[in-house]
Protein chains: 2
Amino acid sequence: MTRLGRNPMYQQIADALREQIASGELAPDAKLPTEAEMRDQYGVSRETVRKALAQLVNEGLVVSARPQGHFVRRRRPMVFRPQAEFRKRPYSPEMDAFMTEYSAEGREPRQEIEVTIVEPPEDVAKRLRLEPGELVAVRKRVRYLDGEPFNINDSYFPLTIVRDSEIMRPEDIGRGANEVLAELGYRQVRTLDELYVRMPTPEQTHRLDLGPGTPVGVHVVTGYTTEGQPVRVAVTVLPGDRHVISYERQREAPNEDA
Amino acid sequence: MTRLGRNPMYQQIADALREQIASGELAPDAKLPTEAEMRDQYGVSRETVRKALAQLVNEGLVVSARPQGHFVRRRRPMVFRPQAEFRKRPYSPEMDAFMTEYSAEGREPRQEIEVTIVEPPEDVAKRLRLEPGELVAVRKRVRYLDGEPFNINDSYFPLTIVRDSEIMRPEDIGRGANEVLAELGYRQVRTLDELYVRMPTPEQTHRLDLGPGTPVGVHVVTGYTTEGQPVRVAVTVLPGDRHVISYERQREAPNEDA
DNA sequence: CTGACCGCATTGTCCAGTCAATGCGGCCAA
DNA sequence: TTGGCCGCATTGACTGGACAATGCGGTCAG
């Protein structure tokens with residue numbers, strides 16, 4: 001482990017540990033050597049060892065549990081299925097098998113709901129085509145599984161169309177907020193979905209209790225009525241270490257392209 | 001900037017800088033104060049300032065350009081549209097507007113293609129339902145835009161069905177590899193899409209020339225024929241700082257759910 | 001037996017310093 | 001004018017140290 005290949009020592013140490021994790025030599029939940037042990041083993045200072053460990057933590061491969069040591073992280077992803085909104089059942093056998101593998105079966109779900117009226121963030125206002133100053137109702141939800149926060153879902157509705165409706169009540173809506181919108185005369189027939197991949201803001205880190213090195217997927221759904229009017233913007237924040245996002249597609253017309 | 005709120009100094013410095021970036025006080029491409037300046041300004045050691053900067057770099061907010069200093073990062077995302085495979089044109093007006101905003105118009109595209117025959121990685125073998133030892137053909141592509149690597153796309157095909165076909169040639173296939181598969185008698189009518197959000201492996205970091213703190217989306221498409229036979233697994237790696245993933249959905253049946 | 005307390009191993013924070021690498025801008029020679 | 005070289009500001013890598021925080025496990029008093 002000497003300074004041959006031009007790579008800095010902390011890189012080489014991180015690479016060595018990463019390799020041990022990938023090969024299974026260090027299994028999930030296994031304890032890594034302590035900083036002091038590695039300092040002696042590699043003949044470097046403790047800060048250099050710490051820099052290597054910090055890199056692995058940032059990659060999401062390792063967690064630190066003071067003062068027990070560093071441990072190989074175990075992943076338990078869960079399926080997020082945007083299509084669940086519009087499709088009831090008919091999945092292909094492949095999708096069924098996939099769902100079974102990553103199902104929430106046997107885990108205990110819970111959610112917290114909070115409804116407020118606010119001036120919308122700029123990006124939401126733009127998607128709902130609101131004039132400056134127009135207000136929206138927000139349903140902010142945090143969903144938990146086995147007591148662990150799993151995702152954030154904030155749904156924005158133009159205040160003019162949901163005022164005094166069931167949507168304003170901070171309770172679970174059994175038949176879904178989309179059905180309530182439909183009853184109010186705003187049935188959504190089309191959505192535009194955007195997905196961003198990035199590191200979380202400190203606020204998201206806090207709300208989702210994220211460890212360092214956990215990226216998030218931000219899923220933004222804008223729902224439109226037949227007339228093309230946007231009536232809902234839903235922002236879902238999905239911690240990368242806890243989700244697989246999955247959906248199914250079918251050929252539409254019998255012609256082909258790129 | 002004293003040690004009141006229990007937060008470590010490097011956190012407080014990082015928070016202050018993050019706030020200045022969010023507020024626009026430090027605009028994109030703006031130069032941050034040098035480490036020495038901040039050391040004096042906050043009355044801490046240089047290492048502490050560096051720890052704060054490292055955090056911002058890891059969040060993808062700041063880049064360091066030695067020896068010019070640290071700069072606020074500018075983002076220029078690009079649309080990734082999985083549906084492009086199956087849909088030719090008919091997008092809604094909303095989607096059209098969105099595409100225009102993030103189009104590649106005026107940027108210069110280029111790609112490198114490499115075709116090899118390998119024993120597939122375990123996850124690919126599983127999706128293609130291959131027996132141990134069965135081989136696959138891989139088309140590995142790196143796509144560039146304005147000279148910058150934009151994404152990686154590795155497509156795996158069972159060797160038994162593509163041997164000696166056009167797919168084995170390391171050139172661009174104008175009408176698309178999917179059409180070639182169709183001509184060979186394996187038309188795909190359905191796909192299962194999975195999307196993972198995570199930090200890149202060192203190999204991906206290298207191939208995509210990623211800065212630290214850039215998460216990636218890993219998009220895995222498995223294509224099936226009418227008979228439900230998997231004939232293609234495409235793995236696309238999308239750097240989070242360079243993409244928005246976007247698609248459209250339509251109500252299918254005139255009944256509703258959650 | 002039980003509960004409170006304390007020692008200890010381990011990680012977290014921070015410091016003051018050294019030397020290396022890098023790229024820009026200016027200086028100087030042809 | 002032009003091309004090459006060099007100084008310099010700045011970040012990167014690393015050291016060896018100090019002290020704080022934390023939770024587990026064992027000890028000891030009741």
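Residue numbers start from 1 in every chain, and the chains themselves are labelled A, B, ... in the order their sequence lines are given, proteins ahead of strands.
Taking 4.5 Å as the limit, every side-chain heavy atom of Val124(B) sits out of range of all side-chain heavy atoms of Val138(B). Looking at Val221(A) and Thr236(A), their side chains never come closer than 4.5 Å, going by heavy atoms from C-beta outward. Inter-residue side-chain proximity for Glu112(B) and Tyr144(B) is flagged as met; some heavy-atom pair is nearer than 4.5 Å. Annotation: side chain of Val197(B) is not in contact with side chain of Val216(A) (no heavy-atom distance under 4.5 Å). In this structure, the side chains of Met38(A) and Leu53(A) come closer than 4.5 Å at one or more pairs of heavy atoms. Contact of the Ile245(B) side chain with the His219(B) side chain is not registered, since no non-hydrogen atoms from C-beta on lie closer than 4.5 Å. The shortest distance between side-chain heavy atoms of Val136(A) and Val118(A) falls below 4.5 Å. A 4.5 Å side-chain heavy-atom check between His70(B) and Glu35(B) finds at least one atom pair inside the cut-off.
If you measure from atom CG of Leu56(B) to atom C1' of dT11(D), you get 16 Å, rounded to the nearest angstrom. Between the CG atom of Asn7(A) and the C1' atom of dA20(C) there is a distance of 15 Å, given to the nearest Å. Taking atom CZ on Phe71(B) and atom C1' on dC24(C), their separation rounds to 12 Å, with Å as the unit. Put simply, CD on Gln68(A) is 10 Å from P on dT10(C), counting in whole angstrom units. Atoms CD1 (Ile13(A)) and C1' (dT15(D)) sit 13 Å apart, rounded to a whole Å.
Put simply, Tyr10(A) has a side-chain N or O that comes within less than 4.0 Å of OP1 or OP2 on dA13(D). The phosphate of dG12(C) has OP1 or OP2 within less than 4.0 Å of a side-chain N or O from Ser64(A).
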Would Arg143(B) and Asn153(B) count as a side-chain contact (heavy atoms from CB on, under 4.5 Å) if you check the C-alpha gap in whole Å, the side-chain angles of each, and the deciding distance to 0.1 Å?
CA-CA 8 Å; Arg143(B) 295 197 259 239; Asn153(B) 181 280; 3.7 Å; yes

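For Pro67(A), whose side chain is taken as the heavy atoms from C-beta onward, the closest listed nucleotide among dG12(D), dA9(C), dG12(C) is dA9(C). Candidate nucleotides dC14(D), dA16(C), dT22(C) were compared by shortest atom distance to the side chain of Arg66(B), and dT22(C) ranks first.
Between Gln11(A) and Arg46(A), the residue anchored nearer the 5' end of DNA chain D, judged by the nucleotide with its closest heavy atom, is Gln11(A).
For the atom pair OG1 of Thr34(B) and CD of Gln68(B), the computed distance is 13.0 Å after rounding to the nearest 0.5 Å.
Of the charged side-chain nitrogens involved, at least one lies within less than 4.0 Å of a carboxylate oxygen, so that Asp15(A) and Arg18(A) count as a salt-bridged pair.
The end-to-end axis angle of the helix from dC1(C)-dG30(D) to dA30(C)-dT1(D), rounded to 10 degrees and based on five pairs per end, is 10°.
Contacts between residues 47-54 of chain A and DNA chain C, defined by a heavy-atom separation under 4.0 Å, are made by Glu47(A), Arg50(A). Within residues 26-41 of chain A, the residues approached by DNA chain C to less than 4.0 Å at the level of any non-hydrogen atom are Thr34(A), Glu35(A), in residue-number order.
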